[in-house]
Protein chains: 2
Amino acid sequence: MLPDLKLAPLRYLLSIIDTGGFHAAAKQLHRSQPAISMAVRDLEERLGQRLFEKGNGKAVLTPFGRWCEPRFRELVAHHDRVCRDALAIASQQRGRVDIAAVPSVASRLMPTLLAGFLEAYPGIDISLQDGHSERVNEMVLKGEVEIGITSLWLPDDALTFEVLLHDDIGVVCRDDHPLAQKDALHWHALKPYTLIRNGTSRLLEGSPAEELLKNSTLYISNMISLTAMLEAGIGVTTLPRLAFQEEHDRLRFIPLSTPHLQRNMGLLRRAGQTLSPSGEAMQTYLLNQLRDAS
Amino acid sequence: MLPDLKLAPLRYLLSIIDTGGFHAAAKQLHRSQPAISMAVRDLEERLGQRLFEKGNGKAVLTPFGRWCEPRFRELVAHHDRVCRDALAIASQQRGRVDIAAVPSVASRLMPTLLAGFLEAYPGIDISLQDGHSERVNEMVLKGEVEIGITSLWLPDDALTFEVLLHDDIGVVCRDDHPLAQKDALHWHALKPYTLIRNGTSRLLEGSPAEELLKNSTLYISNMISLTAMLEAGIGVTTLPRLAFQEEHDRLRFIPLSTPHLQRNMGLLRRAGQTLSPSGEAMQTYLLNQLRDAS
DNA sequence: TCCAGTGGTAAGTTTTGCTGATCATATTAT
DNA sequence: ATAATATGATCAGCAAAACTTACCACTGGA
């Protein structure tokens with residue numbers, strides 16, 4: 001029913017109007033003049049009405065042509081707009097990435113990383129939200145975010161995980177604690193002291209140091225509370241290095257040498273779900289930055 | 001710089017989304033399946049990003065594809081809208097004609113003509129304005145209206161004139177006037193009576209009856225006033241039949257048989273200016289209606 | 001009358017887009 | 001398991017579309 005008006009002939013038409021002639025339009029469009037003539041004639045046949053008439057040798061728009069002109073202009077402009085936007089997104093010049101990260105990463109790692117990314121990709125909008133491991137998993141799984149940054153939780157075939165960095169586990173205690181001056185610790189050294197468990201303590205599970213957990217009677221999930229406990233000298237805890245906030249000048253972080261425990265921080269994505277162009281940009285940027293660093 | 005997104009591939013893409021598969025889309029579009037595949041691949045190459053990915057054998061939109069879908073939908077819809085409107089106008093199903101007519105035509109002829117036109121072309125808007133001969137000429141010349149209906153004024157190469165009907169000149173007098181009972185008149189019969197000239201009196205110029213004008217001392221341009229004068233029995237006048245309002249039961253119209261004078265009413269257009277499709281419709285309608293009648 | 005414009009026309013070539021057959025792969029049924 | 005039936009991808013061949021070159025017809029101004 002509806003004939004397809006191809007864009008090229010519409011452009012020809014507009015160019016003829018703008019330049020005032022078939023020859024001039026042909027030059028402007030890098031086409032031969034007959035190509036223009038034929039395209040216009042074809043367009044006229046599709047519409048069933050003449051668009052140009054010859055007034056004293058020159059081509060002049062018919063009333064119908066004058067009616068068409070602004071609509072064709074709009075249509076071509078619309079096309080160009082869509083096309084330009086699509087290319088901008090495809091070429092990672094514009095877009096949006098939604099990221100979820102575990103609090104330690106969000107606060108310790110992301111600020112500088114995102115600053116660099118923002119500079120490299122000024123057109124891409126970023127949304128970063130933090131949440132504990134399970135919440136990050138969930139957000140990635142539900143498609144609320146494209147990329148999650150977390151330690152590997154449960155292997156799940158609906159998710160893919162790519163390691164970014166290894167985060168050493170260590171002991172945190174107050175600076176006047178007997179352990180505070182050591183450079184490295186064997187887990188045995190912790191036995192005499194009160195161990196405060198926290199959300200990351202499960203990282204000890206499956207290692208020799210797991211025994212320590214059995215003797216711990218205190219569990220604090222909130223980081224602020226945990227810090228306060230440690231500052232009060234109530235006991236010691238274990239934390240990944242990234243989760244330890246170095247700004248606290250009364251607290252010390254001592255790496256655990258035996259066993260040498262790490263949590264694998266990495267990039268979590270939905271399996272089988274390709275990234276948006278901007279997500280792709282973010283992923284490669286993060287991989288480059290963090291792979292280089294380790 | 002900007003690649004041209006042709007409409008057909010966009011339609012293919014949308015059809016794939018709607019039908020949920022390449023094969024189904026191919027059937028819907030009456031194309032072979034490879035045609036769809038190739039068009040999509042070409043589109044992907046132009047944009048520099050994949051639009052579909054294979055998830056479990058089926059094709060699923062990528063995030064980029066999901067971004068594109070609504071814009072492509074809009075663009076295609078825009079095209080179809082413009083296309084449909086243009087075709088409607090070209091096929092004279094919609095549009096607008098501006099007409100100017102001399103008062104006699106506007107009030108005596110146009111009402112029934114336009115009623116018929118409105119029925120035949122329900123989608124076309126009409127604007128009719130009346131004015132004296134010179135004003136009609138001017139409106140056509142300036143492009144304020146496409147079509148004028150008037151008696152031929154001065155031949156002008158910027159205007160084309162096509163005769164529609166011949167309007168007989170006659171004498172108008174009160175029903176108790178000595179001439180009132182005649183069926184036809186020789187101009188000599190008018191000599192004894194007071195002749196009131198009016199705007200149409202120039203039609204007598206160049207004919208034997210021109211002599212009558214020289215003896216007339218009264219000129220009334222306004223039709224209402226003229227009618228009042230005649231009703232008062234002040235004298236007689238000459239008028240084209242169309243300009244004589246038959247509703248006045250005290251006035252009579254007697255055709256002038258010698259000389260047999262007519263004014264040629266016709267269709268006035270700008271020379272070298274083709275009509276809009278709706279103007280074309282109006283012109284042919286008027287020609288058919290009035291040519292048949294005469 | 002010629003000359004420099006205009007746009008239109010015709011033959012030939014390149015490009016594009018399509019079909020039909022075939023392939024690789026995954027899901028479903030037997 | 002294995003066959004049957006989906007999915008989409010690939011390739012060769014062909015036909016239609018679009019373009020180019022060369023030429024024609026017409027107009028308006030030197």
Check: Sequence neighbours excluded, which residues qualify as side-chain contact (heavy atoms from CB on, under 4.5 Å) partners of Glu119(B)?
Finding: none

For residues 271-278 of chain B, which side-chain N or O atoms pair as donor and acceptor with protein atoms under 3.5 Å away, sequence neighbours left out?
| unit_1 | atom_1 | unit_2 | atom_2 | d |
| --- | --- | --- | --- | --- |
| Thr274(B) | OG1 | Glu53(A) | OE1 | 3.2 |
| Thr274(B) | OG1 | Glu53(A) | OE2 | 2.9 |
| Ser276(B) | OG | Glu146(B) | OE1 | 2.9 |
| Ser276(B) | OG | Glu146(B) | OE2 | 3.1 |
| Ser276(B) | OG | Gly279(B) | N | 3.0 |
| Ser278(B) | OG | Arg96(B) | N | 3.2 |
| Ser278(B) | OG | Arg96(B) | O | 3.3 |

Item checked: Residue pairs involving residues 18-29 of chain A (criterion side chain to side chain donor-acceptor pair (under 3.5 Å); sequence neighbours excluded) -> Ser15(A)-Gln28(A), Asp18(A)-Arg73(A)

Notebook entry, point to check: Does the pair Arg135(B)/Glu138(B) count as a salt bridge with the N-to-O cut at 4.0 Å?
Noted result: yes

Notebook entry, point to check: Of all the nucleotides listed (dT10(D), dT19(C), dG7(C)), which has the minimum atom distance to the side chain of Ala35(B)?
Noted result: dT19(C)

Next item on the list: Taking the side chain as every heavy atom from C-beta outward, state whether Leu268(B) and Asn137(B) have any atom pair closer than 4.5 Å.
Entry: yes

Next item on the list: Using heavy atoms and a sub-4.0 Å distance, could you list which residues of residues 3-14 of chain A are near DNA chain D? By number, please.
Entry: Lys6(A), Tyr12(A)

Note to self: Between Glu280(A) and Thr284(A), is there a side-chain donor-acceptor contact under 3.5 Å, judged purely by atom types and distance?
What the structure shows: no

Please list, pair by pair, any protein nitrogen or oxygen found under 3.5 Å from a nitrogen or oxygen in nucleotides 23-26 of chain D.
none

Item checked: Any residue meeting side-chain contact (heavy atoms from CB on, under 4.5 Å) with Ser32(B), in chain and number order, not counting sequence neighbours -> Pro34(B), Ala35(B)

Checklist line | Gap separating the CG atom of Leu290(B) from the CG atom of Leu109(B), nearest 0.5 angstrom | finding: 5.5 Å

Next item on the list: Could you tell me whether the side chain of Leu141(A) reaches within less than 4.5 Å of the side chain of Leu159(A), counting heavy atoms only?
Entry: yes

Notebook entry, point to check: OP1 or OP2 of dT21(D) less than 4.0 angstrom from a side-chain nitrogen or oxygen of Ser32(A), does that happen here?
Noted result: no

Checklist line | Considering all heavy atoms, the nearest Cys68(A)-Leu51(A) contact | finding: SG-CD2, 4.0 Å

Checklist line | Within-4.5 Å side-chain heavy-atom neighbours: Val105(A) and Thr150(A) | finding: no

Check: For Arg263(A) and Ser104(A), does a side-chain donor sit closer than 3.5 Å to a side-chain acceptor?
Finding: yes

Checklist line | Counterpart residues, side-chain contact (heavy atoms from CB on, under 4.5 Å), relative to Ile126(A) (two or more places apart) | finding: Ile99(A), Leu114(A), Phe117(A), Leu118(A), Met282(A)

Next item on the list: Kindly state which residues belonging to residues 38-54 of chain A come within less than 4.0 angstrom of DNA chain D, counting heavy atoms of the residue only, listed by number.
Entry: Met38(A)

Margin query: Is there a salt bridge (charged side-chain N to carboxylate O under 4.0 Å, His left out) between Glu205(B) and Arg202(B)? Walk through the geometry before answering.
Written below: CA-CA 5 Å; Glu205(B) 287 169 12; Arg202(B) 84 181 97 221; over 6 Å; no

Checklist line | Student check: side-chain heavy atoms of Phe52(B) and Val60(B) closer than 4.5 Å | finding: no

Polar atoms only, N or O, under 3.5 Å: list the protein pairs with nucleotides 28-30 of chain D and their distances.
| unit_1 | atom_1 | unit_2 | atom_2 | d |
| --- | --- | --- | --- | --- |
| dG28(D) | OP1 | Asn56(A) | OD1 | 3.4 |

Checklist line | Nucleic acid contacts - residues 21-31 of chain B versus DNA chain C, non-hydrogen atoms under 4.0 Å | finding: His30(B), Arg31(B)

Could you go through residues 74-86 of chain B and list every donor-acceptor pair under 3.5 Å that involves a side-chain atom there, pairing it with any protein atom two or more places apart or in another chain?
| unit_1 | atom_1 | unit_2 | atom_2 | d |
| --- | --- | --- | --- | --- |
| His78(B) | ND1 | His78(A) | ND1 | 2.8 |
| His79(B) | NE2 | Leu5(A) | N | 3.0 |
| Asp80(B) | OD1 | Arg11(B) | NH2 | 2.4 |
| Asp80(B) | OD2 | Arg11(B) | NH2 | 2.9 |

Notebook entry, point to check: Roughly how bent is the helix from dT1(C)-dA30(D) to dT30(C)-dA1(D) end to end, in steps of 10 degrees, with each end axis from five pairs?
Noted result: 10°

Next item on the list: Would you check if Leu165(A) and Val163(A) make a side-chain contact, meaning some heavy-atom pair closer than 4.5 Å?
Entry: no

Notebook entry, point to check: Just checking, is any N or O donor in the side chain of Arg94(B) or Tyr121(B) under 3.5 Å from an acceptor N or O on the other one?
Noted result: no

Notebook entry, point to check: Please give, in whole Å, the distance from dG8(C) C1' to Ile36(A) CD1?
Noted result: 14 Å

